[in-house]
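Working notes, structure below.
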Amino acid sequence: MKLQGPKGTRDFYPDDQARRRYIHDAWRRVSVRHGFDEVDGPIYETLDLYKVKSGDGIVSELFSFRRANGTTDYAIRPEFTPTLARMVAARANALPRPIKWFALPNMCRAERHQRGRLREFDQWNVDLLGLDTPLADAEVIAVACDLLAELGVTPAMVQCRISHREVVRQILAALGVADDKMQDAFTLLDAKGKMTPEQFTDKAVALGLGKEQVARFDAMCGKTYAVGDVDALRDAAGIDDDLADLRALDATLAGFGLADWCAYDLGIVRGLAYYTGTVFELHVTVSDERALGGGGRYDKLIELFGGPAMSGVGFGMGDVVLANLLEDQGLLPEHLAPTPDAFVLAASDLGATHLPGLVATLRRAGLHTRMSYKQTRNLGKLLKDAEKARARFAVLLDDTAAEGQAQVKDLATGEQSPCAITDLAQQLRL
RNA sequence: GUGGCUGUAGCUCAGUUGGUUAGAGCACCAGGUUGUGAUCCUGGGGGUCGGGGGUUCAAAUCCCCUCAGCCACCCCA
């Protein structure tokens with residue numbers, strides 16, 4: 001019988017898990033620093049919950065199941081937003097505002113895996129609800145950019161491309177797109193990168209645009225505008241609105257010191273129909289990766305899940321593309337597993353009798369302590385064990401252990417000195 | 001769901017027009033150099049050559065099917 005993991009899933013051996021922890025720790029550390037509280041939910045929900053936002057079509061992309069003799073359909077979570085919306089809706093009136101939550105769920109999607117996409121992955125979710133000012137949008141973008149900086153990523157590697165659904169809607173309307181064609185226009189814009197200019201023009205004309213207007217719109221979408229450059233964007237758009245919302249966002253982004261990370265790109269749409277305002281995506285610019293993450297404002301979402309009217313803005317970032325980026329850019333430290341404070345070894349048979357007691361003492365003192373399991377008294381081999389474990393200190397027990405002495409060797413400098421066993425825990429802490 | 005490429009040890013790979021019992025390096029385990037992290041030496045474990053079927057006296061090698069991996073399409077909550 002051959003046993004292998006399900007396709008598109010990963011096994012995390014110690015080095016892999018250490019790397020995963022490195023990313024999770026950064027996600028958690030930066031989230032907390034920005035004032036977000038960690039939450040989580042069940043790893044599966046009723047299937048119906050996932051249909052609320054995405055419709056029945058979502059079902060084929062889920063791992064859904066039903067208990068033997070059961071009648072309820074469930075699905076392993078493919079995203080966290082429905083769980084979050086359900087949690088917020090259930091206690092909407094009791095939660096202090098604004099609600100600032102983050103989560104580090106793993107999730108499963110029944111898609112064909114490829115580079116940057118697996119069937120099970122971890123995703124960092126950050127949401128800020130109950131605050132409808134651009135400050136909220138900016139804060140969510142800020143935590144995303146800060147995470148990247150925390151891991152050594154620079155604006156030369158990743159850009160946060162920002163658009164605004166309402167601004168784009170106004171531009172499209174000014175160009176002559178009727179309200180009932182607006183959704184189609186967004187869909188077309190989203191698909192623009194995957195078609196030839198001729199195909200794009202043909203489809204745009206079908207939506208009621210003239211060729212001249214298409215060309216103008218096309219030129220606008222192919223260009224990005226820097227933070228502080230909203231006037232240029234407005235001039236190019238040819239609309240009368242003063243874009244107050246976008247200007248406020250712009251000023252806050254600049255205030256947060258994010259001008260280097262961000263640029264406005266009206267070609268950013270996001271597939272999701274439920275975004276209502278700001279939308280953004282994190283794009284790797286130094287290699288050909290799929291988007292690192294993205295998000296936006298979703299002011300109708302909580303209502304959709306049966307809660308009160310509540311604005312919100314959030315984003316998600318997957319671990320797979322992020323790990324690819326860090327790997328490619330040489331940003332993953334080589335050794336990520338926790339290293340021992342002490343590595344105890346017996347240099348003589350008499351010393352060996354004192355080994356368990358010393359190990360236990362050091363561990364109770366809170367020191368990460370390992371030992372050699374080898375029978376040999378060959379110090380060269382024993383020290384090699386200590387080195388391979390990447391311990392800071394080796395503690396050698398020889399016959400002097402009977403008199404309460406041990407030898408402490410600093411494995412980085414090679415310096416060695418005697419130390420009373422009773423003082424060891426204290427000494428090694430320094 | 002569609003298409004392309006690839007599967008030999010944990011990893012990187014050899015393996016002749018099909019020809020004994022499938023190899024190397026690294027890694028892992030044990031021992032030696034009578035000893036304080038190096039180098040070196042010796043030995044060991046580990047592969048039904050992704051799996052199944054077929055052709056043949058003979059298959060890692062040729063054919064078919066299947067599974068898995070990578071890449072792209074689709075999708076991307």
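Because only heavy atoms are used, hydrogens play no part in the values below, and waters and symmetry mates are left out as well, while side chains stay in. Letters A, B, ... are given to chains in the order of the sequence lines, protein chains preceding strands, and every chain is numbered from 1.
With C71(B), U39(B), C75(B) as the choices, the nucleotide that has an atom nearest any side-chain atom of R115(A) turns out to be C71(B). With A30(B), C75(B), G3(B) as the choices, the nucleotide that has an atom nearest any side-chain atom of R112(A) turns out to be G3(B). The nucleotide whose nearest atom lies closest to any side-chain atom of R377(A) is, among C76(B), C70(B), G35(B), G35(B). Minimum atom distance to the side chain of K7(A) is reached by G69(B), of the listed U36(B), G69(B), C75(B). In this structure, the nucleotide among A72(B), A77(B), U33(B) sitting nearest to the side chain of N378(A) is U33(B). Distance from the side chain of Q114(A) is smallest for A72(B) among the nucleotides A72(B), A38(B), U36(B). Minimum atom distance to the side chain of E61(A) is reached by A77(B), of the listed A72(B), A77(B), G37(B).
U2(B) and U20(B): their C1' atoms are spaced 46 Å apart (whole Å). Between the P atoms of A68(B) and G50(B), the separation comes to 16 Å (whole Å). Separating the P atom of A60(B) from that of G1(B) is a span of 33 Å, rounded to the nearest Å. When the P atom is used for both C71(B) and G53(B), the distance is 32 Å, rounded to whole Å. The separation of A14(B) from U61(B), taken at their C1' atoms, amounts to 14 Å, rounded to a whole angstrom. Rounded to whole Å, the C1' atom of G15(B) lies 37 Å from the corresponding atom of C73(B). Rounded to the nearest Å, the gap between the P atom of U8(B) and that of G47(B) is 15 Å. Distance noted for atom P between C26(B) and G44(B): 16 Å (whole Å).
Judged by atom type and distance alone, R109(A) reaches the base of A77(B) through a side-chain donor-acceptor pair under 3.5 Å.
Residue pairs satisfying the side chain to side chain donor-acceptor pair (under 3.5 Å) criterion with at least one member in residues 302-314 of chain A, sequence neighbours excluded, are absent.
When rounded to the nearest whole Å, the span between CD1 of I58(A) and P of C74(B) equals 17 Å. Computed from coordinates, the E415(A) CD to G37(B) C1' distance equals 15 Å when rounded to whole Å. One interatomic measurement links the two molecules: CG of L118(A) to C1' of A68(B), which rounds to 14 Å at whole-angstrom precision. Atom CG in L397(A) sits about 15 Å away from atom C1' in U36(B), given to the nearest Å. As a whole-Å value, the separation of R117(A) CZ from C70(B) C1' is 14 Å. Following rounding to the nearest Å, K384(A) (NZ) and G31(B) (P) show an atom-to-atom distance of 14 Å. Protein atom CG of L382(A) is 13 Å distant from nucleotide atom P of C29(B), rounded to whole Å. Taking atom CG on D190(A) and atom C1' on A77(B), their separation rounds to 13 Å, with Å as the unit.
A cation-pi contact, defined as under 6.0 Å to the ring centre and within 45° of the axis, is absent between R270(A) and Y275(A).
Judged by Watson-Crick or G-U wobble contacts below 3.5 Å, the nucleotide G7(B) has C67(B) as its partner. The base-pairing partner of G45(B), taking Watson-Crick or G-U wobble contacts with both distances under 3.5 Å, does not exist among the strands shown. Pairing for C13(B) goes to G23(B), judged as Watson-Crick or G-U wobble with the two contacts each under 3.5 Å. In a base pair of the Watson-Crick type (N1 to N3 plus N6-O4 or O6-N4) or a G-U wobble (N1-O2 and O6-N3), with each distance short of 3.5 Å, U2(B) is matched with A72(B). The partner of U55(B), taking Watson-Crick or G-U wobble pairs whose two distances both stay under 3.5 Å, does not exist in any strand shown.
K381(A) comes within 4.0 angstrom of a base, heavy atoms only. Heavy atoms of G5(A) sit nowhere under 4.0 angstrom from any nucleic acid atom. Note on L411(A): a base of the nucleic acid sits closer than 4.0 angstrom, heavy atoms only. K388(A) comes within contact range of the sugar-phosphate backbone alone, with a heavy-atom separation under 4.0 Å but no base atom that close. Contacts of Q416(A) with the nucleic acid, taken as non-hydrogen atoms under 4.0 Å apart, include base atoms. Residue contacts for D410(A): at a heavy-atom cut-off of 4.0 Å it reaches a base atom on one of the strands shown. No engagement by G316(A) is indicated, since no non-hydrogen atom pair under 4.0 Å with the nucleic acid exists.
A 6.0 Å sphere centred on CZ of R10(A) holds more than 12 heavy atoms belonging to other residues, nucleotides or ligands.
Using a 4.0 Å cut-off between a side-chain N of Lys or Arg and a carboxylate O of Asp or Glu, E166(A) and R169(A) qualify as a salt bridge. By the 4.0 Å N-to-carboxylate-O rule, R29(A) lies close enough to E150(A) to be salt-bridged with it.
Ring to ring, W124(A) and F315(A) are close: their centroids are under 6.0 angstrom apart.
Between Y298(A) and Y274(A), the ring planes are perpendicular. Angles over 60° get that label, and only those under 30° would be called parallel.
Checking D319(A) against Q123(A) by side-chain atom types alone, no donor-acceptor pair falls below 3.5 Å.
The 5' end of RNA chain B is approached more closely, in terms of each residue's nearest nucleotide, by K374(A) than by the other of K374(A) and G414(A).
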